[in-house]
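Proteins come first, then strands; the chains are lettered A, B, ... in the order of their sequence lines, and each starts at number 1.
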Amino acid sequence: MRCFNCNKNFDYDKYYGICPKCGCYNKKESSQEQQQQYENTGYEKKKSPKKGNAFLAFSIVFFVVCMVVSVLLPLITAGSTVESEMTGEEQVTVTTHESNEEFRLQELTLKVTECRILDDWTTLDGLEKGRKLIAVRVEGSGDGEYEDYNRLAEPYLEADGHFRPMLSSYDFEPYARMYKTMPLLDETDLMLDETVDGWYAFVVEEDCSAVQICFEECEWEDWNKEELLEVHAVSLSLENETEGGTEHEAY
Amino acid sequence: MKHIKWKLILSIVFLVFGIQILFSGIAYTFTRKVTSFSTAEQDCTVQLAEVKKIGSIYSETIGDETISHEADAGYTIYEIIFSVTNVGLEEYYSEGPDIYFEGYEYSDVCELWDLGYDSEEDPLFYYDSQPYLPAGRSVDASYYVQVKDGVSEFTASYRPSYDADEVVLSIPVE
């Protein structure tokens, strides 16, 4: 016989219908009927909580939260990226230096020592009207290890809010000999040599009185630019013919 | 007992899938962010900075020569200044991407290409002295257009990279 109250199985005859566990009296003929009567008195059997419901509910809520976070996270970060790109501000940090100040860049040490106005359109035949030719002298040192791929990106010039690339050393070499601004530097320098001392040439507007020569500090993957880390800019005045305290014997 | 076991299995399935989705979302977010800094999906951004009304004649002094350009009858010359930012890793050998101007009618707007000093042959170091936009830098680039009188708005379109969709900017004029 099973007790209608606690479901304990017991021998009716042995215990005379009295449950050995809870002490309830069970009628032999109809325990179900008795159960009905018991419920009708207003007493409700305390239901034990169904195990597993809370855990399942938690799992479903967790799943939904994960889905929402996964969808919203890329959207939120994408929004901030677009916003920063659309501000029109510089995308890279520019660190400024003075001429003759040594600074570190990609395990190299660089120093801009001189800036010289070489010629202008009135005296150099063929130069575009309203332009002048300048050269910037740079000294540098590095480990000279080719395997480092520690190349120096071609510097460029910033003048009056606009930028100018360096003149190719191949094109400019005959003029460099004429103006005694040799040797010319290019992007392969400081890959094989431990020290360099040479010139970069640029064409700028005739009325330009101040420029910044800019060197990109990059992370290189073999020969390719992997990431632009920073730009080092050295301010130079073009008021006088030379900028910088060091006078060098020309080549 | 079987009922409880079934619920437990279902709960574990939800938990496992939830964790997997969360990690996928985080991984996607960060890889996307890294991509946008290293190899940008777009090479440049262009924003309208200013629209300047020049009038019927554009003139500029270059060296010892003053060059001028007169607008066609019924047109006014405007200088459109864009703030261009190079968000890629490679430099532009110009001050940004090609920008195309278009009005509602074909004849509403026309870019003036032939302004500036014109010589018979390329000057010395010509290609190394042209406008340039290095990686990560911004510049205000000027474009000159003549706009038909009465036109109040036209568009400028460009592609942020060679395979990107065209971006269209609205240019209001007086």
Student: Counting only non-hydrogen atoms closer than 4.5 Å, does A:Leu157 touch chain B with its backbone (N, CA, C, O), its side chain (CB onward), both, or neither?
Tutor: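 Neither the backbone nor the side chain of A:Leu157 comes within 4.5 Å of chain B.
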
Student: For A:Glu219, which atoms come within 4.5 Å of any heavy atom of chain B: side chain, backbone, both, or neither?
Tutor: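 For A:Glu219, neither part sits under 4.5 Å from chain B.
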
Student: Side-chain contact, heavy-atom cut-off 4.5 Å: B:Val147 with B:Tyr75?
Tutor: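 The answer is no; the side chains never approach within 4.5 Å.
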
Student: Relative to chain B, which segment of A:Val231 carries a heavy atom at a distance below 4.5 Å: side chain, backbone, both, or neither?
Tutor: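 Side chain only.
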
Student: Which word best sums up how the rings of A:Phe172 and A:Tyr179 line up, parallel for under 30°, tilted for 30 to 60°, or perpendicular for over 60°?
Tutor: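 Correct class here is parallel.
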
Student: Do you see a donor-acceptor pair shorter than 3.5 Å between the side chains of B:Thr66 and B:Ser59?
Tutor: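 The answer is no; no qualifying pair exists.
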
Student: Given the options A:Gly126, A:Ser168, A:Pro165, which has more heavy-atom pairs under 4.5 Å with chain B than any of the others?
Tutor: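 Of the options given, most contacts go to A:Pro165.
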
Student: Which atoms of A:Asp125 come close to chain B, meaning under 4.5 Å heavy atom to heavy atom: side chain ones, backbone ones, both, or neither?
Tutor: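 Looking at A:Asp125, just its backbone touches chain B.
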
Student: Just give me the residue among A:Phe62, A:Phe58, A:Tyr156 that pairs up with chain B most often, heavy atom to heavy atom, under 4.5 Å.
Tutor: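 Counting heavy-atom pairs under 4.5 Å, the top option is A:Tyr156.
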
Student: Go through the atoms of B:Tyr93 and report whether side chain, backbone, both or neither lie under 4.5 Å from a heavy atom of chain A.
Tutor: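 Side chain only.
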
Student: Side chains of B:Asp98 and B:Tyr158: is there a donor and an acceptor less than 3.5 Å apart?
Tutor: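 No pair is found: no donor N or O on one side chain lies under 3.5 Å from an acceptor on the other.
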
Student: Who among A:Leu228, A:Val203, A:Leu167 has the most heavy-atom pairs with chain B under 4.5 Å?
Tutor: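 Most heavy-atom pairs within the cutoff with chain B belong to A:Leu167.
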
Student: Parallel, tilted or perpendicular: which one describes the rings of B:Phe125 and A:Tyr175, with boundaries at 30° and 60°?
Tutor: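 Perpendicular: the ring planes of B:Phe125 and A:Tyr175 meet at over 60°.
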
Student: Does A:Cys208 offer a backbone N or O that forms a donor-acceptor pair with the side chain of A:Lys132 under 3.5 Å?
Tutor: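 A pair under 3.5 Å: yes.
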
Student: Counting heavy-atom pairs closer than 4.5 Å to chain B, which one of A:Cys214, A:Ala153, A:Ser70, A:Gly130 comes out on top?
Tutor: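 Heavy-atom pairs under 4.5 Å are most numerous for A:Ser70.
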
Student: Quick one: do the B:Asn86 and B:Glu91 side chains pair a donor with an acceptor below 3.5 Å?
Tutor: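 No - no donor-acceptor pair under 3.5 Å links their side chains.
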
